Amino acid sequence: GINTKQGRDKWIADCLPKWMGRIEQLTKGDKYFLPGDRLTIADFWIVAYVDFMSKYAMYLNDVPQEADFRPFKKINRIIKNVKAHPAVAGYYARHPEEDIVKGY
């Protein structure tokens, strides 16, 4: 598990890229997760998942562990496009503390 530094480091090195890579493989749209110009629940889920993983799952006993999300180009594209949507951008303007991952 990720309750030890060794377990967390292994999870970040092995599991995180596996699952992020799977999302990348399943992404079919040029802008969002699915083709077209409409946001879906999948797009919001991806943003929430990466924000959560970036902020909370990388800590063990209050010690941060960085995970590199830069290799996941499709996921980062989705994050940028979702956060650029006027309604979403307005939300983050009112709640900047919740805007964790900007997308690379």
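Treat the numbers as computed from the prediction; the structure is a model and nothing was measured.
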### Task
Verify, without hydrogens or angle tests, whether D43 (side chain) and L39 (backbone) share a donor-acceptor contact under 3.5 angstrom.
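Looks like no, no N/O pair under 3.5 Å.
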### H95 (side chain) donor-acceptor with E97 (main chain) under 3.5 angstrom
no
### Task
Using the test ring-ring contact (aromatic ring centres under 6.0 Å, His included), find all partners of W45 that sit at least two apart in sequence or belong to another chain.
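ring-ring contact (aromatic ring centres under 6.0 Å, His included) check on W45 returns Y49.
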### Message
Could you work out, with ring-ring contact (aromatic ring centres under 6.0 Å, His included) as the rule, every residue matching F44, not counting sequence neighbours?
### Response
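If we apply the ring-ring contact (aromatic ring centres under 6.0 Å, His included) test to F44, skipping adjacent residues, there are no hits.
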Could you state the interatomic distance from [atom1] ([X]) to [atom2] ([Y]), rounded to the nearest 0.5 Å?
{"X": "I78", "Y": "T27", "atom1": "CD1", "atom2": "OG1", "value": "4.0 Å"}
{"X": "F72", "Y": "I79", "atom1": "CZ", "atom2": "CD1", "value": "11.0 Å"}
{"X": "I75", "Y": "F69", "atom1": "CD1", "atom2": "CZ", "value": "8.5 Å"}
{"X": "L26", "Y": "L34", "atom1": "CG", "atom2": "CG", "value": "10.0 Å"}

### Query
For Y92, what residues pass the side-chain contact (heavy atoms from CB on, under 4.5 Å) criterion, not counting sequence neighbours?
V47, D51, K83, V88, E98, D99
### Task
With sequence neighbours excluded, tell me which residues meet side-chain contact (heavy atoms from CB on, under 4.5 Å) with A42.
F33, T40
### Message
Please list all pairs meeting salt bridge (Lys or Arg N to Asp or Glu O under 4.0 Å) that have one or both residues in residues 12-30, counting only residues at least two apart or in different chains.
### Response
K10-D14
### Task
Taking all heavy atoms of R70 and all of K73, pick out the closest pair and write down the distance.
O-NZ, 3.3 Å
